[in-house]
Amino acid sequence: MVGAPDIELIALTKRYGQTVAVDNINLKIPAGTYCCLLGPSGCGKTSTLRMIAGHEDASDGDVILGRDNITDLPPAKRGTAMMFQSYALFPHLDCVDNVAFSLKMRGIDKATRRRRAMELLQRVQMEPYAQRFPAQLSGGQQQRVALARALITDPSVLLLDEPLSALDPFLRVKMREELKALQTRLGISFIHVTHSQEEAMALADLVVVMNHGRVDQAAPPREIFNKPASAFVARFIGGHNVLAAIRDGANAAKLGDGTRVPVPANGHASGEIHVAVRADRIEIGRPGALGSAGVKLSGTARSVEYLGTTVQIGVEIPGIEAFSAVIPESRFYAAPVAPGDAIAVGWASEDVHVIGH
């Protein structure tokens, strides 16, 4: 959207007594971005969202929207709107009056606010349900009404606090598609808090992974997945084997079982590092059968999980922490293994990502 503002967090900090919930974070979200704040419970993502919204006071730092410092402005003056996890619809008001409520508080006349409310309900495909009360709506329908209510003030940024967590898996995927389509159509920034890796990867242009009140990595989803900046990011995003190792020269490292493996140079010839290898890049086979792999380890199949298009195999390797391989269904059933079988695992040297200590 032409003229849409960037949003920038500068040294933003939130303390609750002696507890630091958000620790001096710096982040720039370009205009028109779908941004997901991702992380485990207690990582500071919701506190960050609430400071952007003005529902929590910042202990230090600034929130900048376009050219304006909005850190100390009340929520209604910020140019942002927030959709709460609970949706917070008024049970005694029908859909039209729920959506129009904020305009009523601003003194907008009844005809104008109801017309605007109907326009927003139409935009979220809820116009046929305009006269219904929240109790007469499904969870997905309530979410759309809550979206319409948040959008009626024409915010520059829409803030969403785990908006899909209360929905069943099928509806969650459907609403995920609708949220992304709506954001693209509106052209404004959405900042969406979630603890779901799948949700963040599917929706976001920018994924911000938080841990202990700090930003561990902020990047597009593909970069987050293929080049995690820390062992925490690799483990939290999932789909990786993260192995502790010791640098053994510029282009090699020793794993926990003593195996010396080739790794890309990263400027350090010694010291502790982590080596990440995507689980779907792992080959498996009978011992001695992996001729093409650059790295080969021997172990025992610990578990086999059928996931439809793929099969995940947990592998026990002495001296190595939790290890798994994800292989296509057809390849697995061409040479199946069972828990307890002796197997070999391997990967190509170019599939290694060195994280550092």
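Computed from heavy atoms alone, side chains included, the values below leave out hydrogens, waters and symmetry copies. All figures in this text were calculated on a predicted structure; none of them were measured in a lab.
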- request: Please list, chain by chain and in numerical order, all residues satisfying salt bridge (Lys or Arg N to Asp or Glu O under 4.0 Å) with Glu162, sequence neighbours excluded.
  value: none

message: If the condition is salt bridge (Lys or Arg N to Asp or Glu O under 4.0 Å), which residues does Arg78 pass it with, not counting sequence neighbours?
response: none

field: Working for salt bridge (Lys or Arg N to Asp or Glu O under 4.0 Å), residues Arg116 and Glu119
entry: CA-CA 5 Å; Arg116 283 283 293 130; Glu119 289 172 0; 3.1 Å; yes

Val233, Val242, Asp216, Ile237 screened by side chain to side chain contact (heavy atoms under 4.5 Å, CB included) with Pro228, the one that passes: Val233

field: Backbone N/O of Asn24 and side chain of Thr13: donor-acceptor pair under 3.5 Å
entry: yes

message: For the backbone of Gly44 and the side chain of Ser47, can you confirm whether one donor and one acceptor N or O come within less than 3.5 Å of each other?
response: no

- request: Flag yes if more than 12 heavy atoms outside Arg235 fall under 6.0 Å of its CZ atom; otherwise flag no.
  value: yes

field: Main-chain N/O of Leu38 paired to Thr194 side chain as donor or acceptor, under 3.5 Å
entry: no

- prompt: What pairs meet the ring pair (Phe, Tyr, Trp, His ring centres under 6.0 Å) rule with one or both residues in residues 167-215, with sequence neighbours excluded?
  reply: Tyr34-Phe190, Tyr34-His192

With sequence neighbours excluded, residues passing salt bridge (Lys or Arg N to Asp or Glu O under 4.0 Å) with Asp60: Arg15

task: Nearest 0.5 Å please: distance from the OG atom of Ser59 over to the CG atom of Asp23.
output: 11.0 Å

message: So, taking the atom named CZ in Arg247 and the one named CD1 in Ile273, what distance separates them when rounded to the nearest 0.5 Å?
response: 4.5 Å

statement: Interatomic distance, CD@Glu56 vs NZ@Lys14, rounded to 0.5 Å, equals 5.0 Å

field: Residues in salt bridge (Lys or Arg N to Asp or Glu O under 4.0 Å) contact with Arg113, at least two apart in sequence or another chain
entry: none

task: Determine whether more than 12 heavy atoms belonging to other residues, nucleotides or ligands lie under 6.0 Å from atom CZ of Arg172.
output: yes

query: Who pairs with Tyr306 by ring pair (Phe, Tyr, Trp, His ring centres under 6.0 Å), at least two apart in sequence or on another chain?
result: none

Side-chain (Lys180) to main-chain (Leu203) donor-acceptor, under 3.5 angstrom: yes

